[in-house]
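What follows is one structure encoded as structure tokens, with my remarks underneath.
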Amino acid sequence: MISSNIRVRFAPSPTGPLHIGGVRTALFNYLFAKKHNGKFILRIEDTDSTRFVPCAEEYINKSLQWLGLTVDEGVMEGGPFGPYKQSERKEIYLKYANMLLERGWAYYAFDTPEELDALRSTYEAENKTFAYDIFSRKNLVNSLTLSEEETKQRIISGKPYVIRFKMPENVEVTANDLVRGSVTFNTNTLDDKVLYKSADGLPTYHLANIVDDHLMEITHVIRGEEWLPSLPLHVMLYKAFGWENTMPKFAHLPLILKPSGKGKLSKRDGDKDGFPVFPLEYTSPEGEVSSGYRESGYFPEAVNNLLALLGWNPGTEQEIFSLEELAELFTIERVNKSGARFDPEKAKWFNHQYLIRKNESQLAELYMPILREKGIQTNCETLAAIVVLVKERVNFVSEFWEQTKFFFVAPAEYDEKVVQKRWKDGVPSFMQELAAMFRKQDNWTATPLKEAASELIATNNQNFGNIMNALRLVLVGGSFGPDLFTIIELLGKDETINRINLALNTLPS
RNA sequence: GGUCCCUUCGUCUAGGGGUUAGGACGCAAGAUUUUCAUUCUUGAAACAGGGGUUCGAUUCCCCUAGGGACUGCCA
């Protein structure tokens, strides 16, 4: 298929680890690009020098890589529209800010952050909110209130300034959103956002974002709903630059909400409810560790799948999708409007679905390192045979140990309740006969062993169920686990008999 | 407070002017099983409220309520 001119970008700010809300935004952008044979661009929006976190950019790259969201153009990948990091595009933005200034769409403002903070406090004390807007700008220190001469003087003398967007008065701005339809704002309720600051020579998000989207020929802006209030500003900026004809289409994704309580999902929620909010484990510069999906044992396919179904669905009853299937089925029209509460239980279920779809040798390979760490030697064939017995009952590879450890180590203790119930009325002495019978067996496979045992139980007038449970207690330490004779086969003759003897020596007779 | 967005089972959602309002997670019960699980079957569980429009509204419109986002020289 010939590639289309669809171009979307994921534009995170490297201020910390990407959380799953951001990951989902990246995923939807990726799916949309793939669906239309377009380009998925990764742009790093590092215009806030004060919030820069050293390893955040690397974290973003690694996360996307782990999830298989291949970037077509970006800092690492390069591309015809680079650089893809805003700090490396620094020179570009002032030119565009000046363009706005010349056209009367922007003005210089000299109010200091302290002055504005003070103003905010004063307003707050009166239960009002200060906004630098159409009304208040008339009373503040800017090129609208100062004489041209004085403005020039201040700039020449190196006084720090910012360039603010001059929001027009009383204009109804209607913007179209692919998810929500048309959204209307009146400019009187909007404020004069800072576009550029002389102090560090950097643009703010709004300017850099619009300029870069334009320069990078972005066709669709798919981002979180938290940006919806900025939409009219962005539309006005396109208008001010005269770029309406090539303005991208916008789609604002519903937010991912906390599993319980109020508000959107945040970093803290994960640690509280015991589920990760980050794709990969993250250690902050202060040394605080936050858990990651990868380290918690999630498969990347499962994470993509569960995230895709948070706020989108294909309209069918299918729930398990590969990334390729998702890309094929994805449409913005089927994105929901309302926020989606994250459900940790269902997240586990998704992982379970992917786990049971893996074959035994894949699972054995994943489980092997865990065993090795515990000092257990085994081979892939045996492990594959074991893993297949229990894969239905686990959500994560890490849970295999709890389900299979009795294959590798004899029970260190026995479930007291089961002992009370099963280890009585001549059962111990019958166990000795069972062991003797086992010793004589040549064909150590489940079916003949079961036949031999059944026969012995019958001739001794024992209760089959009771003996089976007692034998299970002896071999696994409790009342759980897969088919008993399969366990016996895998344990082998010596180990089976050893465990019977161990129980006879340990448990009261 | 202001602006904007949203509202179907507890949760994720399908549906859409006339339906027994469907599925999934979770929960419960039963069946199967030598145990625990699995599996299978079944069950409980929803159209926020009030007005319109209409022969008919959960579906369309309005209001109310509730929830959410934004309200920085952050993104």
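Order of the sequence lines fixes the chain letters, A, B, ..., with proteins taken first and strands second; residue numbering starts at 1 for each chain.
Residue-to-nucleotide contacts include no donor-acceptor pair under 3.5 Å from the side chain of R341(A) to the base of C12(B). For T129(A) and G1(B), a side-chain-to-base donor-acceptor distance below 3.5 Å is present, hydrogens and geometry of angles not being considered. A donor N or O paired with an acceptor N or O is not found under 3.5 Å between the base of A69(B) and the side-chain atoms of K264(A).
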Could you walk me through whether R422(A) and N466(A) pass the side chain to side chain donor-acceptor pair (under 3.5 Å) test, one step at a time? CA-CA 6 Å; R422(A) 307 289 184 187; N466(A) 196 41; 3.2 Å; yes

Ring pair (Phe, Tyr, Trp, His ring centres under 6.0 Å) between F400(A) and Y367(A), worked out: CA-CA 7 Å; F400(A) 274 137; Y367(A) 186 20; 5.3 Å; yes

Test D212(A) against Y93(A) for side chain to side chain donor-acceptor pair (under 3.5 Å), laying out the working first. CA-CA 9 Å; D212(A) 286 346; Y93(A) 307 108; 2.6 Å; yes

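When heavy atoms are screened at a 4.0 angstrom cut-off, R180(A) is found touching the sugar-phosphate backbone but no base atom. V162(A) comes within 4.0 angstrom of a base, heavy atoms only. Heavy atoms of G263(A) sit under 4.0 angstrom from primed sugar atoms or phosphate atoms, though from no base atom. Within the nucleic acid shown, P482(A) comes within 4.0 Å of at least one base atom, counting heavy atoms only. Contacts of G224(A) with the nucleic acid, taken as non-hydrogen atoms under 4.0 Å apart, are absent. T50(A) comes within 4.0 angstrom of nothing in the nucleic acid, heavy atoms only. As judged by a 4.0 angstrom heavy-atom cut-off over every strand, A340(A) is placed among residues touching the sugar-phosphate backbone only. In this structure, Y205(A) reaches the bases: a heavy-atom distance under 4.0 Å links it to at least one base atom across the strands shown.
Here the separation of A57(B) from C4(B), taken at their P atoms, is 31 Å to the nearest Å. When the C1' atom is used for both A45(B) and U34(B), the distance is 36 Å, rounded to whole Å. Here, A44(B) and U38(B) have their C1' atoms 23 Å apart, quoted to the whole Å. G67(B) and G10(B) have their C1' atoms separated by 16 Å, with the value rounded to a whole Å. Rounded to a whole angstrom, the distance from the C1' atom of A46(B) to that of C25(B) is 15 Å. Taking the P atoms as reference points, A14(B) lies 14 Å from A48(B), given to the whole Å. Separating the C1' atom of U19(B) from that of U8(B) is a span of 14 Å, rounded to the nearest Å. For U32(B) and U7(B), the C1' atoms lie 43 Å apart once the distance is rounded to whole Å.
Here the nucleotide nearest the side chain of R334(A), chosen from G15(B), C4(B), A24(B), is G15(B). Among the nucleotides C73(B), C12(B), A75(B), the one closest to the side chain of P113(A) is C73(B). Candidate nucleotides C12(B), C73(B), C4(B) were compared by shortest atom distance to the side chain of L228(A), and C4(B) ranks first. The side chain of N469(A) sits closest to U34(B) out of U3(B), C36(B), U34(B). For L484(A), the side-chain atoms get nearest to U34(B) when compared with the rest of C5(B), A24(B), U34(B). Nearest nucleotide to the side chain of N313(A), out of U13(B), C73(B), A24(B): U13(B). Checked against C70(B), G26(B), C73(B), the side chain of E345(A) finds its nearest nucleotide in G26(B).
A cation-pi arrangement is found for R164(A) relative to Y132(A), the charged atom lying closer than 6.0 Å to the ring centre and inside a 45° cone about the ring normal. Relative to the six-membered ring of F330(A), R334(A) misses at least one condition, a distance below 6.0 Å or an angle of at most 45° to the axis.
Nearest-nucleotide positions on RNA chain B for S338(A) and L310(A) put S338(A) closer to the 5' end. The residue among F464(A) and E225(A) whose nearest nucleotide of RNA chain B is located toward the 5' end is E225(A).
At least one donor-acceptor pair under 3.5 Å links the side chain of N351(A) to the backbone N or O of G297(A).
With respect to D213(A) and R9(A), a salt bridge is recorded, a charged nitrogen being found less than 4.0 Å from a carboxylate O. Between E225(A) and R180(A), at least one side-chain nitrogen of the basic residue sits less than 4.0 Å from a carboxylate oxygen of the acidic one, meeting the salt-bridge criterion. Comment: K358(A) engages E301(A) in a salt bridge, judged by a side-chain N to carboxylate O separation of less than 4.0 angstrom.
Nucleotide C25(B) is matched to G10(B) when pairs are restricted to Watson-Crick or G-U wobble geometry with both distances under 3.5 angstrom. Remark: U3(B) base-pairs with A69(B). Criterion, Watson-Crick or G-U wobble with two distances under 3.5 Å. With a 3.5 Å ceiling on both atom-pair distances, the Watson-Crick or G-U wobble partner of C60(B) is G52(B).
Applying the 4.0 Å criterion to OP1 and OP2 of G67(B), one finds that K262(A) has a side-chain N or O inside that range. Between N127(A) and G1(B), a side-chain N or O to OP1/OP2 separation shorter than 4.0 Å is absent. Considering only side-chain N and O atoms, T316(A) lies nowhere under 4.0 angstrom from the phosphate OP1 or OP2 of G23(B). The phosphate of C74(B) (OP1 or OP2) has a side-chain N or O of K197(A) nearer than 4.0 angstrom. A close approach under 4.0 Å does occur between a side-chain nitrogen or oxygen of N336(A) and OP1 or OP2 of U13(B). Between R120(A) and the phosphate of C73(B), there is a side-chain N or O to OP1/OP2 separation shorter than 4.0 Å. For R164(A) and C73(B), the shortest distance from a side-chain N or O to OP1 or OP2 is below 4.0 Å.
One interatomic measurement links the two molecules: NE2 of H252(A) to P of U3(B), which rounds to 20 Å at whole-angstrom precision. One atom, NE2 of H352(A), and another, C1' of U38(B), lie 8 Å apart when rounded to the nearest Å. Remark: P of G72(B) and CZ of F165(A) are 17 Å apart, rounded to the nearest angstrom. Between I487(A) atom CD1 and A37(B) atom C1' the separation is 12 Å, expressed in whole Å. Per the geometry, CG belonging to L253(A) stands 19 Å off P belonging to G68(B), to the nearest Å. Between the NE2 atom of H234(A) and the C1' atom of U3(B) there is a distance of 16 Å, rounded to whole Å.
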